[in-house]
There are 2 protein chains.
Amino acid sequence: MQPTQFYKCLSDETRLRCLLLIKAEQELCVCELMQALDESQPKISRHLAQLRNCELLTDRRQGQWVFYSINPELPPWALNVLTETLNSNPAFIEDDKLRLQKMGDRPERTRLCCI
Amino acid sequence: MQPTQFYKCLSDETRLRCLLLIKAEQELCVCELMQALDESQPKISRHLAQLRNCELLTDRRQGQWVFYSINPELPPWALNVLTETLNSNPAFIEDDKLRLQKMGDRPERTRLCCI
DNA sequence: TTAGTATATATGAAAATTCATATATATAAA
DNA sequence: TTTATATATATGAATTTTCATATATACTAA
């Protein structure tokens, strides 16, 4: 993970909001992110694709939905940067979290592991 | 300090090399950074101005030289990000450090505080 | 089962915007 | 005057956004 490439990913507001929201919520699908950020579908999808290509995110398809989460193989220093940013800037995704909570009919997750 | 603005500053290779090198060396002037990064004067100067405007760096003039250092009022989370990045990616500024060490006639600092 | 339709996501192509760099010039100190 | 640094302008390059469309899965009714 090149530092410059990593920070380029964090330097766009849409991408950073997606990343921090996904980190806070474990995993989110495209339609949830559209609602939370109040942005268009292609815009969200494109930025997620970029974050996946740069290996900051991984995705899994579950039926019609594609869920994105933080890549578990992200280097520790990069994960620490995300953690520090999220913990110290809760206001940055405050509105997004509220819109997400207000969203009805959120897709159900099939848990990857159970009880 | 807006996270997005902060990360935009770190997303350019020239700026990130300047920042991490200044962090490693406490303070550096434009001509030292030119030598260390092997880049043109206006290019270095312009990026330093941007980092100063965004309040990541502060400057002090000492005679003919202007020395740049990390802004002591940088929020702790942002400073932690820089520290983590520097500690975990020593190779990123390795060559720059070597060129700096090879540089003869480096400007003398008047210490801000002594003993 | 199949046909038709709806929903979720991805992507090609173009337009709009932003960013980085080089050149030239200006300012400040010694 | 020389050295060190800053800044204005022009230009090319990269990035972001939008629109239109494609693909993949799901649902419903015959």
Side-chain angles (χ1 to χ4, degrees), chain A residues 2 4-19 21-22 27-54 56-69 100 103-110, chain B residues 2 4-19 21-22 27-54 56-69 100 103-110:
Chain A
Q2 288 303 307
T4 305
Q5 189 189 36
F6 176 65
Y7 289 124
K8 258 194 226 302
C9 286
L10 309 205
S11 72
D12 176 87
E13 186 183 319
T14 304
R15 281 195 300 269
L16 189 56
R17 284 162 72 200
C18 284
L19 270 173
L21 205 57
I22 287 169
E27 73 174 3
L28 291 171
C29 70
V30 180
C31 63
E32 290 171 321
L33 286 163
M34 285 170 61
Q35 291 270 341
L37 305 209
D38 191 25
E39 297 282 5
S40 72
Q41 183 269 321
K43 183 168 169 175
I44 297 291
S45 182
R46 290 210 115 89
H47 283 300
L48 291 175
Q50 183 178 343
L51 292 171
R52 189 190 50 214
N53 289 340
C54 293
L56 272 71
L57 295 180
T58 50
D59 63 342
R60 67 173 180 107
R61 178 179 276 274
Q62 179 190 308
Q64 51 193 324
W65 300 287
V66 176
F67 290 96
Y68 285 86
S69 52
L100 183 63
M103 178 180 175
D105 262 343
R106 286 177 59 184
E108 272 182 28
R109 272 90 176 146
T110 295
Chain B
Q2 289 302 310
T4 305
Q5 188 190 38
F6 176 66
Y7 289 123
K8 259 193 226 301
C9 286
L10 308 204
S11 72
D12 177 87
E13 187 183 318
T14 303
R15 281 194 298 270
L16 189 56
R17 285 162 72 200
C18 283
L19 270 174
L21 204 57
I22 288 169
E27 74 173 4
L28 291 170
C29 70
V30 179
C31 63
E32 289 170 323
L33 287 163
M34 286 169 60
Q35 292 270 340
L37 305 207
D38 191 24
E39 297 281 4
S40 72
Q41 182 270 321
K43 182 168 168 175
I44 296 291
S45 182
R46 197 176 219 288
H47 283 301
L48 292 175
Q50 182 177 343
L51 293 171
R52 189 190 50 215
N53 289 339
C54 295
L56 272 71
L57 295 180
T58 50
D59 63 342
R60 67 174 181 106
R61 181 178 272 276
Q62 180 190 306
Q64 54 198 136
W65 300 287
V66 177
F67 290 96
Y68 286 86
S69 51
L100 184 62
M103 178 182 176
D105 263 343
R106 286 176 60 184
E108 271 182 29
R109 273 91 176 147
T110 295

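Labels below follow one simple rule: chain letters A, B, ... track the order of the sequence lines, proteins then strands, and each chain is numbered from 1.
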Closest non-hydrogen atoms of B/Arg60 and B/Gln62, given as atom of the first, atom of the second and distance, are NH1-OE1, 3.1 Å
Among C/dT9, C/dT11, D/dT16, which nucleotide has an atom closest to any side-chain atom of A/Val30?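 So the side chain of A/Val30 is nearest to C/dT9.
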Who passes side chain to side chain donor-acceptor pair (under 3.5 Å) against B/Gln2, sequence neighbours left out? none
Under 3.5 Å, N/O pairs linking protein and nucleotides 25-30 of chain C:
none

Which residues share a side chain to side chain donor-acceptor pair (under 3.5 Å) with A/Gln41, sequence neighbours left out: none
Considering only heavy side-chain atoms of A/Asp12, the closest of D/dT17, D/dA4, C/dT11 is D/dT17
Given C/dT9, D/dT17, D/dT16, the nucleotide with the shortest approach to the side chain of A/Trp65: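 Looking only at side-chain atoms, A/Trp65 lies closest to C/dT9.
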Can you list, by residue number, the residues of residues 31-38 of chain A that have a non-hydrogen atom closer than 4.0 angstrom to DNA chain C?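 Nucleic-acid contacts, sorted: A/Cys31.
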Sugar-phosphate only, base, or nothing, as touched by B/Pro107 at under 4.0 Å among non-hydrogen atoms: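 Nothing, no nucleic acid heavy atom in range.
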Is A/Arg46 side chain donor-acceptor paired with the D/dT15 base, going by distance under 3.5 Å alone?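 Checked by distance alone, the answer is no.
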Under 4.0 Å between a side-chain N or O of A/Tyr68 and OP1 or OP2 of C/dA10? yes
Selection from D/dA6, D/dT5, C/dA22 that lies nearest to any side-chain heavy atom of B/Ser40: C/dA22
Between B/Pro107 and B/Glu32, which heavy-atom pair has the shortest distance, and what is it?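 Minimum heavy-atom contact is CD-OE2, 3.7 Å.
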To the nearest angstrom, the CG-P distance between B/Leu51 and D/dT5 comes to 16 Å
In Å, rounded to the nearest 0.5 Å, how long is the span from SG of B/Cys29 to CZ of B/Arg61? 11.0 Å
Report the distance from atom CD of A/Glu13 to atom P of D/dT15, rounded to the nearest whole Å.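 After rounding, the gap between these two atoms is 19 Å.
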Heavy-atom closest contact (A/Met103 atom, A/Cys31 atom, distance): CE-O, 4.1 Å
Which is true for A/Phe67 with a 4.0 Å heavy-atom rule: it touches a base, it touches only sugar-phosphate, or it touches nothing? nothing
Using only atom types and a distance under 3.5 Å, with no angle test, would you say the side chain of B/Arg15 pairs donor to acceptor with the backbone of B/Arg17? no
If you look at every heavy atom in B/Ser11 and B/Lys8, which pair is closest and at what distance?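 It is OG-O, 2.8 Å.
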Let me know the distance between CG of A/Asn53 and C1' of C/dT9, rounded to the nearest Å. 15 Å
Is the phosphate of D/dT16 approached by A/Gln50 (side-chain N or O, under 4.0 Å from OP1 or OP2)? yes
Between D/dT5 atom P and B/Leu28 atom CG, what is the distance in whole Å?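 Atom CG in B/Leu28 sits about 11 Å away from atom P in D/dT5.
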Output the rounded distance in Å from CG (A/Leu48) to P (D/dT17). 13 Å
Using whole Å, what does the distance between atom P of nucleotide C/dA20 and atom CD1 of B/Ile44 come to? 13 Å
Using the rule side-chain contact (heavy atoms from CB on, under 4.5 Å), only one of B/Ile22, B/Leu56, B/Val66, B/Thr14 pairs with B/Leu48; which is it?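 With B/Leu48 as partner, side-chain contact (heavy atoms from CB on, under 4.5 Å) holds for just one option, B/Ile22.
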Distance from A/Leu57 atom CG to A/Glu27 atom CD, nearest 0.5 Å?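 CD of A/Glu27 is found 11.5 Å from CG of A/Leu57.
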To the side chain of A/His47, which of C/dA20, D/dA20, D/dT16 is closest? D/dT16
Applying side chain to side chain donor-acceptor pair (under 3.5 Å), name anything that partners A/Arg52, two or more places apart in sequence or on another chain.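 For A/Arg52 the side chain to side chain donor-acceptor pair (under 3.5 Å) partners, ignoring immediate neighbours, are A/Asp59, A/Tyr68.
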Looking at five pairs on each end of the helix from C/dT1-D/dA30 to C/dA30-D/dT1, what is the angle between the two axes, given to 10 degrees?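 It comes to 30° between the two terminal axes.
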First locate atom CZ of B/Phe67, then atom CG of B/Leu33, and finally report the distance between them rounded to the nearest 0.5 Å. 10.5 Å
Rounded to the nearest angstrom, tell me the gap between atom NZ in A/Lys8 and atom C1' in D/dT16.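 Taking NZ of A/Lys8 and C1' of D/dT16, I get 14 Å after rounding.
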